[in-house]
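The structure appears right after this line, and notes come after that.
Small disclaimer: the values here were computed from a predicted structure and weren't measured. Index from 1, following the sequence.
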Amino acid sequence: MVKNKKKKSRIRRYRRTTQMAVALTFVLVPWLNTKQINLVHGNFLCFNLASIPLADPLAVLQIMVKNGYLSQDLIIGALIALGIAFCLGTVFCSWICPYGLLSDLGQTVAGKWQGKQRGRAGNRSGFLLKLSVFFLGFAGFLVFSTTPVLNQLSLPAWYSRIFQFIFVQGFLSVAIWVLLLVLATEVVFRQRFWCRYICPQSVLLILAKQLNPRRLKVGFDPGRCMGAKGDKSPCARSCNLGLDPKRLDHGLETVCTNCGNCITACSNCGKALTSI
């Protein structure tokens, strides 16, 4: 029992380590490129890791629709991202995205200042609003623009571009103020509204995971639950997106990013939540 609890408590440590390593990588990459070290290069829209291409599926989709063709690297990069989501869910949002890290840390700081109570998602998944942003942005891109408009709503891309501008072009991008403004708004209202209701980059990842009913996700066994009900339960209080992990139905599962916080919290009171 004790060994299992220790094992599950490591999930958060592994996730934080991964998030911070990725965030630091995108600070160092442009600096390394200025030193003519190009083993890794790019940003969150298109990245090359030792000849392994990675690409934002949404950026690739826009390029394909507008230009009518794609390079092999872009196709492979997009398929890798979609394949990960198909098998593991939207783990990009909770384990890789640097804005997700900043937003999550902002909620932790806000919790210490304002108390533990946070806004909850209730029965609102936010996915329909994301779809609306997605289709409106895509329609605007098709009608009015020659460049991928929705890329301008990619906060992880702007995070990586900030350091490209600093090290490669020698100036501070206005994107840093946009990033800080969104973070400040989320800290004040405690809703993580960008990740839950706006981020268009997550739409294709969510659709990819919904295609696979056997993907990694949180399972709940009510017969083993020993925690309190509702917002007072340890698993609900641990969710950084304000979800109740016992009620990941009616579309709420689209919001869950498999961060593992609820499973760690549940391991101390009955192990009713598991990764399945």
Side-chain angles (χ1 to χ4, degrees), residues 1-16 18-19 84-97 100 103-104 107-108 110-111 114-131 189-193 195-197 199 202-203 205-276:
M1 178 76 72
V2 174
K3 183 178 179 181
N4 190 51
K5 288 181 180 179
K6 287 183 178 179
K7 182 178 180 181
K8 289 189 175 181
S9 68
R10 294 179 187 147
I11 295 176
R12 183 180 180 86
R13 190 189 318 158
Y14 291 155
R15 185 168 70 90
R16 280 283 183 260
T18 302
Q19 287 178 304
I84 292 172
F86 182 80
C87 297
L88 302 178
T90 45
V91 292
F92 171 85
C93 304
S94 57
W95 287 74
I96 299 175
C97 176
S103 180
D104 193 0
Q107 299 303 297
T108 301
Q114 305 170 17
K116 295 293 183 181
Q117 187 62 35
R118 69 177 72 190
R120 308 215 66 79
N123 292 319
R124 296 172 288 116
S125 74
F127 185 57
L128 289 179
L129 184 54
K130 277 188 181 184
L131 277 178
F189 292 100
R190 305 289 305 283
Q191 290 287 318
R192 291 200 68 183
F193 74 91
C195 298
R196 276 170 44 183
Y197 303 122
C199 177
S202 64
V203 170
L205 301 180
I206 291 172
L207 292 176
K209 80 172 184 177
Q210 294 302 114
L211 291 175
N212 181 14
R214 299 179 66 84
R215 68 188 177 278
L216 180 69
K217 55 185 174 181
V218 175
F220 173 55
D221 181 356
R224 302 182 68 175
C225 184
M226 299 170 60
K229 295 182 179 180
D231 292 354
K232 295 182 179 180
S233 66
C235 57
R237 290 171 63 84
S238 72
C239 180
N240 58 34
L241 287 167
L243 304 175
D244 183 349
K246 301 174 186 177
R247 299 175 58 245
L248 291 182
D249 51 8
H250 308 300
L252 285 182
E253 204 274 331
T254 59
V255 183
C256 178
T257 60
N258 288 345
C259 70
N261 284 355
C262 62
I263 293 176
T264 298
C266 184
S267 67
N268 297 317
C269 60
K271 295 183 289 185
L273 294 175
T274 56
S275 296
I276 59 174

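- Residue A265 comes nearest to P234 through the heavy atom pair CB-O, 3.7 Å, listed as atom of the first residue, atom of the second, then distance.
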Worked check of side chain to side chain contact (heavy atoms under 4.5 Å, CB included) between F220 and C225:
CA-CA 8 Å; F220 173 55; C225 184; 3.9 Å; yes
Next on the checklist: As a quick check of understanding, evaluate side chain to side chain contact (heavy atoms under 4.5 Å, CB included) for R196 and L129, giving each step before the final call.
Outcome noted: CA-CA 9 Å; R196 276 170 44 183; L129 184 54; over 6 Å; no
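- Tested against E253, the residues K217, R215, K246, R247 include a single salt bridge (charged side-chain N to carboxylate O under 4.0 Å, His left out) partner, R215.
- W95 approaches Y14 most closely through the heavy-atom pair CZ3-C, 3.8 Å.
- For the pair V91 and I84, the minimum side-chain heavy-atom distance is below 4.5 Å.
- Heavy atoms only, all atoms of each residue included: L88 and N258 are closest at O-ND2, 2.8 Å.
- How far OG1 of T264 is from CZ of R13: 10.5 Å, rounded to the nearest 0.5 Å.
- Formation of a donor-acceptor pair under 3.5 Å by the T90 side chain with backbone atoms of A85 is not found in this model.
- Annotation for I96 and Q19: closest pair N-CG, 4.4 Å, computed over non-hydrogen atoms.
- Residues T254 and K130 are not in side-chain contact: their nearest non-hydrogen atoms beyond the backbone lie 4.5 Å or more apart.
- Applying the side chain to side chain contact (heavy atoms under 4.5 Å, CB included) rule to S94 yields the partners R15, T257, C259; only residues at least two apart in sequence or on another chain are considered.
- A distance-only check finds no donor-acceptor pair linking the side chain of S103 to the backbone of G100 [under 3.5 Å].
- Contact between S202 and C93 at its shortest, heavy atoms only, is CB-SG, 4.2 Å.
- For the pair V218/C262, a side-chain contact is recorded, criterion being any heavy-atom separation below 4.5 Å from C-beta on.
- Distance check, rounded to the nearest 0.5 Å: CG of L207 to CG of L131 gives 6.5 Å.
- Closest non-hydrogen pair, N212 versus C87, comes out as ND2-CA, 4.1 Å.
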